[in-house]
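Quick notes on the structure that follows.
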Amino acid sequence: MKFVDTSQNLRGRLMAVQIVAALLLSVLGVRLYLLQVVRGRHYAEIAQNQRIRLLPIAAPRGIIFDRNGHPLVDSRPIYNVILSREDVRGKELNSLLQPLSEGLDLDADILNDRFEEIKSLPAFESIPVKQDATPGDIAWVEARELEFPELRVEQQPQRRYPPNGMLAHVLGYVGEISPEQLKQPAYRDKGLKPGDVMGQSGLEQSYDDFLRGRDGYRKVVVDSRGRIQDEIEIVLPQPGQDLITTIDLDLQLAAEEQLRNSATKRGVVVAMDPTNGEILALASAPTFDPNLFSQRIGTKEGRAEYVALLNDPDKPLINRAVQSRYPPGSTWKIPMAIAGLQQGAITLQHSNIVCGGGITIGNKFTRCMGNHGTPDVRMAITKSCDGYFYRLGLKMGLEGIVAMVDQFDLNKRTGIDVPNEVSSRTPAEFKAIFDRRNQRWKEIDTVFASFGQVYEEMTPLSMLRTVAGVGLGGKLYVPHFLKELKPVGEPGTSNYRQARGFQGLDSSRPNPKTVSIPEEISQTVVEGMWSVVNNGGTGAGIRMAGFDIAGKTGTAQVVSLGRDFGKNKDHSWFVSYAPAFKPEISVIALIENSGFGNQHAAPAVRRIYDVYYRKTRHEEPPGAVPVAKSAKPTRKAPEKPQDTQTVVGQ
């Protein structure tokens, strides 16, 4: 008899096993497909990176020279301690705080801040831990290669700037790119990465794309602990383009010296070639040391130094030539005279206007510094007659003054090739404040707008450009520092970077802008400026026989009479060019809170002309230079609306 045992159900079990095996094989196949095909390249790169590393070789930035080939800024090689984040995966960064701060003499708080900054950055990025490592630092890293394989020492260039803060506001400085900047497409799209150094101010910022070189790299084989076993390839870096500035070092040193020796040690001196806009010298005081940002900012002492600069009431980080606004005082009379003649408020044949020692509008008397009779426009400029220009302003009206501002671009930035230039504030802007308050603009306000007080706040560079343009018959060039960027690389190759001259920031802006000034009007005003220095005018003390200076003094009050002392004393102005009837150089000086223009700013300007004369004429300049003296003005400054106060460095 045959028995059949069906309890085991072998056929069903066999089928189940086959299904499970098929599923497992399918899952395995899919997984292998994903690993080998879909993500094969990714894992191949990871495997390759376990064996091959690209170690960057930083490219030196281009050297910055003055116009005569004297180096102003260069780079020196230093050693930095670098932390490879790829080699610290799985390790808490905070665990490195104590050993690194003690071993490399780093401030633990600064190092901790550094670690916090990089936590949001890609894990493969390397970061500098210590700049300018000492031989002792290097020995410490090498001796602990097994303990800290994530550390390495790299040679990198470090920027060096002139001593004593010379040209600090022009050259600017470099600094490590910040996490905030890395988030901006303008920086990210350039391929910049954490630890990269870039221009943060001045010419270093404006021409960073040209000064910054192209990094090279070393392709090396490393073991499992990141130690270099072999070198496969070296791609050398390409240096950045050298930059030739328009600066004349001799004139710059003279400008710096004038501010250093000035009454308040606060102010600005600018020299410019009026025929093309090239800046020959620009000094702003007080100044600062740019080496702080390239060499010391990563230390506790460096950060304290930076905080002190930020809190300094004299604002040393401000470039006073383009970032500060001042009432222009009597320098305002030059464009006023041109506009008055152009608009027909006065004519060449009938330009006499009574001075009267001042003017009374309603019950308000605004004085002149003297009583000049009934001068013509030449004499009004020569003697700086306020009464004349009060009445000329009334003849022109606010509309005429606003038209003058537009004509000379006084309500626009000059377009200079350093960042953060501000535009001047002019009567139209203050009139808008009146309109918002439903206040009526009165005749007395037009008087105030006519002589460089209350309703004008100008940058020194805008006034220099205007007056230099008058000397050229109406040609206003864009001021600039770039003379040439030198080429690098071989022509015809992908690494070639061609030479480049100055190109305006605004390509739609004409350079020069031509203001249509009839020759006889220009000649008349220039004759008045010539007489300021050469015919008994307010600047007679700086006369140079045979090298005639045309200029205009200015004394700009910042508060009303009785409070004008100390840091509330008048600003001293002098704006000029020479020779008077064939300009070669134009110079402006503003010495803050020092007194009359002819006693402080004018002598400072004269000393710049002395240096220029020696360089170009190869002989001693004629005439004696007077010693600056302190004097107290007597003119009362009218009050202005509360929200229109002059703010230096605004």
Side-chain angles (χ1 to χ4, degrees), residues 267-272 274 326-341 368-370 372 375-389 392-393 404 408 410 424 450-453 456 458-472 476 517 521-544 548-557 570-581 583 585-591 595-606 608-609 633 635:
V268 61
V269 176
V270 185
M272 183 179 74
Y326 307 86
S330 292
T331 62
W332 189 249
K333 294 170 182 173
I334 301 306
M336 282 288 294
I338 293 285
L341 288 164
C368 179
M369 293 296 289
H372 303 98
D376 63 8
V377 67
R378 293 182 187 85
M379 186 58 64
I381 293 171
T382 302
K383 297 300 183 180
S384 197
C385 176
D386 289 339
Y388 183 100
F389 285 92
L392 177 60
M404 173 201 77
F408 285 100
L410 288 167
S424 300
S450 66
F451 73 112
Q453 296 279 176
E456 296 90 25
M458 313 303 296
T459 64
L461 190 61
S462 67
M463 290 306 302
L464 178 62
R465 180 176 184 246
T466 296
V467 173
V470 170
L472 288 177
L476 279 66
I517 305 176
I521 290 179
S522 175
Q523 181 77 7
T524 298
V525 174
V526 168
E527 287 173 359
M529 295 172 65
W530 176 87
S531 295
V532 167
V533 178
N534 300 280
N535 192 26
T538 54
I542 66 165
R543 180 172 181 266
M544 296 176 70
D548 293 355
I549 300 170
K552 186 70 194 77
T553 55
T555 304
Q557 289 182 254
D570 297 354
H571 297 318
S572 174
W573 286 85
F574 189 71
V575 59
S576 64
Y577 59 85
F581 299 101
I585 178 175
S586 52
V587 186
I588 192 169
L590 178 137
I591 311 299
F596 284 123
N598 64 339
Q599 294 180 335
H600 294 275
V605 166
R606 166 61 199 260
I608 307 302
Y609 284 126
R635 188 196 310 147

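Residue numbers run from 1 in the order of the sequence given.
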Worksheet entry | Qualifying residues under side-chain hydrogen bond (donor to acceptor under 3.5 Å, both in side chains), relative to Thr331, sequence neighbours excluded | none

Item to complete: Evaluate the side-chain proximity of Lys333 to Asp386: yes if any heavy-atom separation is below 4.5 Å, no if none is.
Response: yes

Worksheet item: Side-chain contact, heavy-atom cut-off 4.5 Å: Gln599 with Ser572?
Response: no

Practice prompt. Report yes if the side chains of Trp332 and Met404 come closer than 4.5 Å at any heavy-atom pair, otherwise no.
Written response: yes

Item to complete: Return the set of residues passing side-chain hydrogen bond (donor to acceptor under 3.5 Å, both in side chains) with Ser424 (not counting sequence neighbours), or none when no residue passes.
Response: Ser462

Practice prompt. Apply side-chain hydrogen bond (donor to acceptor under 3.5 Å, both in side chains) to Asp548 and list each qualifying residue two or more places apart in sequence or on a separate chain.
Written response: Trp530

Discussion item. Test of understanding: with side-chain contact (heavy atoms from CB on, under 4.5 Å), list the residues that count as partners of Ala337, not counting sequence neighbours.
Written reply: Val377, Ile381, Phe389, Val525

Practice prompt. Check whether any side-chain heavy atom of Tyr609 lies under 4.5 Å from a side-chain heavy atom of Met544, and answer yes or no.
Written response: yes

Worksheet, complete the sentence: Residue set satisfying side-chain contact (heavy atoms from CB on, under 4.5 Å) with Thr538, at least two apart, ordered chain then number -> Ser384, Val532, Lys552, Thr553

Discussion item. Has Asn534 got a side-chain atom pairing as donor or acceptor with Arg543's backbone, closer than 3.5 angstrom?
Written reply: no

Worksheet item: With no hydrogens and no angle check, is any side-chain donor or acceptor of Gln453 less than 3.5 Å from a backbone partner on Gln557?
Response: yes

Discussion item. Taking side-chain contact (heavy atoms from CB on, under 4.5 Å) as the definition, give me every residue that meets it alongside Ala589, ordered by chain and number, with sequence neighbours left out.
Written reply: Val269, Ala601, Ala604, Val605

Fill in: Any donor-acceptor N/O pair, Trp573 side chain to Pro460 backbone, under 3.5 Å
no

Fill in: Residue list, side-chain contact (heavy atoms from CB on, under 4.5 Å) with Ser586, at least two apart or on another chain
Met272, Pro274, Leu464, Ala468, Tyr577

Fill in: Check: Met369 and Phe596 side chains under 4.5 Å, non-hydrogen atoms
yes

